[in-house]
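Read the structure below first, then the notes.
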Amino acid sequence: MSVQPESAVVEMLVELACRAPSVHNSQPWKWVYSDGYLNLHTDRSRLLESIDPLGRQMVISCGAALDHLTTAAATFRWSTEVGELPFPGSPDHLARVHFVHGAHPQSHEFDLLTAISRRRSDRRPFGPVPDGSVLTSTMQRAADNHGATLTVLSPDARETLATASRLSAGIRKYDATYQAEIRWWAGHVVASRGIPPSALADRSESANVDIGRQFPEPRRVGLHDRSVDWIDRSSVVLLSTEGDHRIDWLKAGRALSPLLLESAARGLATCPLTHLTEQSGSRALVESLAPEGGVPQVLVRIGTPPTGGAPKQTPRRPISSVLSINKR
């Protein structure tokens, strides 16, 4: 009989996994630990029906949480064997994790563990990436392992991205259902859901990020950093997959996580962008920028963070509401 982690360890790992980013901090995941396996499911009660009707961003969010979990597990000397969907008869069942004791973590893995708690989605303008070294070999290797492609878009692509962002915003402007949904999830917090005002950029900040999603303006004063010209000078990375099915979305999330954590470990700020791939028109514009083709899933702004203070940590659901442990 194989040795498996105690319930307290599983709780700790799931709590770290749930620090992963999710669409509008919806945290659309459920975990079940039973018979030595940790199972990951989507929580459809957290689906954003207007913003994400197919559940694509929901599954990407869960994929990021899954990679956060396997990253954290390694530092506690647990290797992970992950079985991915499909699971017949269980459409919300995304993955099954089996733990194997005896991993030998390297020092960099502890850096990533620290990054899990330190990473934030920063919606303010960034300075440029030092030396222009946006992607590391570790990021590229992780993407390859999950059948995803990372592409650093050229500065010339910025205008196309801005056009795609304006197109997406224009389509959504008079969509009352969308506007009501985004106002519910962004700018206030009920219990432990949604994006709090402290995590949103104010009007003067967001006006200088030409490819950001338009959120309701928070009731706070922006943290300005004139040393970055207050104009966004981030690099933009496109994460794409070969297909556009649930397994591709899951793999996209698993590739997104190391991109964000590696960046945080290097002291860089990041902001995932999914509004550019929600509508067919804007998604087609983004797809035209990928030299290797593929289906665009997520874009990520990466750059030097402003010095005026990092966004506060967004709230997370209590572990008891996302994890069930079935004891024999």
Side-chain angles (χ1 to χ4, degrees), residues 20-23 52 54-68 70-71 82 84-86 94-95 112 115 119 121 126 129 131-165 168 211 234-266 268-303:
S22 59
V23 53
D52 184 32
L54 297 178
R56 182 179 65 89
Q57 296 177 64
M58 175 177 66
V59 175
I60 291 174
S61 302
C62 289
L66 178 60
D67 184 81
H68 269 46
T70 60
T71 298
V82 179
E84 298 176 332
L85 60 87
L94 297 180
L112 297 180
R119 182 212 61 82
S121 291
F126 302 157
V129 175
D131 303 324
S133 55
V134 181
L135 299 180
T136 66
S137 59
T138 303
M139 296 172 182
Q140 295 280 23
R141 186 165 55 252
D144 291 343
N145 290 341
H146 297 304
T149 301
L150 299 178
T151 305
V152 180
L153 299 181
S154 70
D156 294 339
R158 192 84 185 207
E159 182 55 40
T160 300
L161 292 177
T163 299
S165 187
S168 176
I211 60 173
S234 63
S235 296
V236 181
V237 175
L238 170 61
L239 191 160
S240 55
T241 55
E242 292 184 4
D244 198 25
H245 305 285
R246 284 173 66 84
I247 186 63
D248 300 296
W249 305 340
L250 182 67
K251 290 179 179 297
R254 296 189 70 183
L256 174 64
S257 166
L259 176 63
L260 300 177
L261 295 182
E262 289 282 344
S263 297
R266 298 166 63 200
L268 299 175
T270 58
C271 183
L273 304 171
T274 53
H275 69 292
L276 292 166
T277 56
E278 287 174 356
Q279 299 290 325
S280 59
S282 57
R283 201 179 198 190
L285 286 175
V286 174
E287 186 174 0
S288 70
L289 300 174
E292 299 181 18
V295 181
Q297 300 294 351
V298 185
L299 294 106
V300 181
R301 287 195 302 119
I302 302 178

| said: Does V300 form a side chain to side chain contact (heavy atoms under 4.5 Å, CB included) with L239? I'd like the steps, not just the answer. | reply: CA-CA 8 Å; V300 181; L239 191 160; 5.9 Å; no
| message | Assess the residue pair V295 and D248 against the criterion (side chain to side chain contact (heavy atoms under 4.5 Å, CB included)); give the C-alpha distance rounded to whole Å, side-chain angles, the decisive distance to 0.1 Å, and a yes or no. | response | CA-CA 9 Å; V295 181; D248 300 296; over 6 Å; no
Nearest 0.5 Å, please: how far is [atom2] in [Y] from [atom1] in [X]?
{"X": "E262", "Y": "T71", "atom1": "CD", "atom2": "OG1", "answer": "9.0 Å"}
{"X": "I60", "Y": "S22", "atom1": "CD1", "atom2": "OG", "answer": "12.0 Å"}
{"X": "L161", "Y": "D156", "atom1": "CG", "atom2": "CG", "answer": "11.0 Å"}
{"X": "M139", "Y": "S257", "atom1": "CE", "atom2": "OG", "answer": "11.0 Å"}
{"X": "T241", "Y": "H146", "atom1": "OG1", "atom2": "NE2", "answer": "13.0 Å"}
{"X": "C62", "Y": "L94", "atom1": "SG", "atom2": "CG", "answer": "5.5 Å"}

| Matching residue for L299 among I211, L276, T274 - test: side chain to side chain contact (heavy atoms under 4.5 Å, CB included) | L276
| Just checking, is any N or O donor in the side chain of S133 or R266 under 3.5 Å from an acceptor N or O on the other one? | yes
| task | Indicate whether any N or O donor in one side chain lies under 3.5 Å from an N or O acceptor in the other, for S168 and Q279. | result |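 Absent: no donor and acceptor within the cut-off.
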| query | Can you name the residues that form a side chain to side chain contact (heavy atoms under 4.5 Å, CB included) with A157, not counting sequence neighbours? | reply |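 If we apply the side chain to side chain contact (heavy atoms under 4.5 Å, CB included) test to A157, skipping adjacent residues, the hits are L153, S154, L289.
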| request: Please list, chain by chain and in numerical order, all residues satisfying side chain to side chain contact (heavy atoms under 4.5 Å, CB included) with S121, sequence neighbours excluded. | output: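 Applying side chain to side chain contact (heavy atoms under 4.5 Å, CB included) to S121 gives P21, R119, R123, P272.
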| Hey, mind stepping through L261 and H68 against side chain to side chain contact (heavy atoms under 4.5 Å, CB included) and telling me if it holds? | CA-CA 9 Å; L261 295 182; H68 269 46; 3.8 Å; yes
